[in-house]
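Residue numbers start at 1 and run along the sequence shown.
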Amino acid sequence: MSRTLIARTSAVVLLLMGCWVAYTQNQQAPPQLTLNKITDDLFEIVGDGGNVAVYVTSEGVILVDDKFEQDHAGIMEKVKSVTSQPVKYVLTTHHHSDHSGGNVGFIGTAQIISTANARTNIVEHKQPNSPASMTPAGVVFNKQCSVFLGGKEVRAEFFGRGHTNGDALIYFPALRTLHTGDLMANSSPLIDYTGGGSVVEWTRTLDEALKLDFDTVIPGHGKVTDKAGLLAYRNNVEKLRNRASGLIREGKSQEDVGKVMGSEFGWASNSLQMQWSLPGMMKELK
């Protein structure tokens, strides 16, 4: 065997070994989650997926969302750091796997609740490439559902379409706090048309939410904010819709509208907004 062939073979072996080490390290590294205190009995868990709310009562814990399946152990570790009470309820804001993928970890130990549409979206695999382990809620509602535990109330509300057709807003009346799911997420909306979303109805849905009595807002993604922050987000959705609608009326192509969404509203060229939202928005706003 020539020295050149030996050198090449060795290089390939080293490359494969390096790839394997990187792969196994990535597989073994747990997601990095952070627990933030909002009040004495309400916390949020952030990182690797949607924001999780943790409401501690004397009779158990109520969760809002549970991230991906891979985050279950990390979520439970954070919960156990603030209480010895078990998780009794999981309120799911919508069907996407970064918010409800962890449902599978609560089978048999907690009651999972969502809107009827969110359950249907999981059952019918409305999210492209969602994991086979996606677990729908065992209890559903159409308009409103309240959970009472340890003398505390959490209320789930469905006010209409927006991010999807099954978005629940989770309201903590005593704390004057609202978890929006992805009806508020980061700085710009993602409309999932496959999941029944609507940029036209989104603002109407938030208008109903804004009638509730609250100060603090936990968004689906991003930092905790307040009612003024939610109103500003609502107004940005309206601004985006009106801008896109005007361009479509002018006869602009999908590519042209996408460029404006990118330059004015921060939609990256490879983002889910461009993949999921833009084609459906072109049809809805015609």
Side-chain angles (χ1 to χ4, degrees), residues 31-68 71-94 96 98-103 105-106 110-114 144-157 159 163 167-187 206 209-234:
Q32 296 299 307
L33 306 182
T34 301
L35 181 77
N36 298 323
K37 182 177 180 179
I38 298 175
T39 69
D40 287 341
D41 50 6
L42 182 66
F43 304 82
E44 68 159 354
I45 302 173
V46 302
D48 195 45
N51 294 337
V52 173
V54 181
Y55 197 24
V56 179
T57 83
S58 60
E59 296 178 359
V61 175
I62 302 171
L63 289 187
V64 179
D65 286 346
D66 48 29
K67 299 184 179 289
F68 297 103
D71 296 306
H72 179 75
I75 289 172
M76 293 309 300
E77 178 185 353
K78 297 303 182 185
V79 170
K80 290 176 182 178
S81 73
V82 295
T83 181
S84 60
Q85 293 290 340
V87 174
K88 293 288 188 70
Y89 295 93
V90 178
L91 300 177
T92 299
T93 61
H94 62 290
H96 290 154
D98 60 328
H99 292 261
S100 58
N103 285 358
F106 292 101
Q111 188 70 260
I112 301 170
I113 303 172
S114 77
Q144 185 186 95
C145 175
S146 289
V147 171
F148 296 89
L149 187 67
K152 299 176 182 180
E153 178 188 5
V154 179
R155 192 185 310 159
E157 303 271 9
F159 291 131
H163 176 57
D167 301 307
L169 292 124
I170 313 301
Y171 180 46
F172 303 84
L175 304 181
R176 303 181 76 235
T177 296
L178 184 69
H179 191 307
T180 66
D182 280 359
L183 283 168
M184 181 182 187
N186 296 317
S187 60
L206 289 184
L210 286 161
K211 294 177 183 178
L212 297 172
D213 182 20
F214 63 92
D215 295 317
T216 304
V217 176
I218 304 172
H221 298 266
K223 295 182 179 180
V224 171
T225 183
D226 54 20
K227 196 168 193 174
L230 181 58
L231 176 60
Y233 189 89
R234 178 256 180 233

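A 4.5 Å side-chain heavy-atom check between Phe68 and Asp48 finds at least one atom pair inside the cut-off. A heavy-atom distance below 4.5 Å is not found between the side chains of Thr93 and Asp182. Two residues are said to be in side-chain contact when any heavy atoms from C-beta on lie closer than 4.5 Å; Thr83 and Val56 meet this criterion. With contacts defined as side-chain heavy-atom distances shorter than 4.5 Å, the pair Leu212/Phe159 qualifies. A heavy-atom distance below 4.5 Å is not found between the side chains of Phe43 and Val52. Cys145 places none of its side-chain heavy atoms less than 4.5 Å from the side chain of Arg155. At least one side-chain heavy atom of Phe172 sits under 4.5 Å from a side-chain heavy atom of Val64. Two residues are said to be in side-chain contact when any heavy atoms from C-beta on lie closer than 4.5 Å; Leu91 and Ser114 fail this criterion.
No side-chain donor-acceptor contact under 3.5 Å links Thr180 to the backbone of Leu183. Put simply, the side chain of Thr177 gets close to the backbone of Leu175: a donor and an acceptor are under 3.5 Å apart. Checked by atom type and distance alone, the side chain of Gln85 pairs as donor or acceptor with a backbone atom of Ser58 at under 3.5 Å. A donor-acceptor contact shorter than 3.5 Å is absent between the side chain of Tyr171 and the backbone of Arg176. Checked by atom type and distance alone, the side chain of Asp167 pairs as donor or acceptor with a backbone atom of His163 at under 3.5 Å. Counting only distance, with no hydrogens or angles, the side chain of Lys67 and the backbone of His99 share no donor-acceptor pair below 3.5 Å. In this structure, the side chain of Lys78 does not engage the main chain of Glu44 through any donor-acceptor pair within 3.5 Å. Without hydrogens or angle criteria, Thr57 side chain to Glu59 main chain gives a donor-acceptor distance under 3.5 Å.
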Start with the C-alpha gap between Lys88 and Ile62, add the side-chain angles, then the distance that decides, and say whether side-chain contact (heavy atoms from CB on, under 4.5 Å) holds. CA-CA 6 Å; Lys88 293 288 188 70; Ile62 302 171; 5.9 Å; no
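A cation-pi contact, defined as under 6.0 Å to the ring centre and within 45° of the axis, links Lys227 to Phe214.
Separation of atoms CG (Leu169) and CD1 (Ile218) is listed at 12.0 Å; rounding is to 0.5 Å. In this structure, CD in Glu157 is found 9.0 Å from CD1 in Ile170, a value given to the nearest 0.5 Å.
The closest side-chain donor-acceptor pair between Asp66 and His72, if any, does not fall under 3.5 angstrom. Looking only at atom types and distance, the side chain of Asp98 has a donor-acceptor partner in the side chain of His221 under 3.5 Å away.
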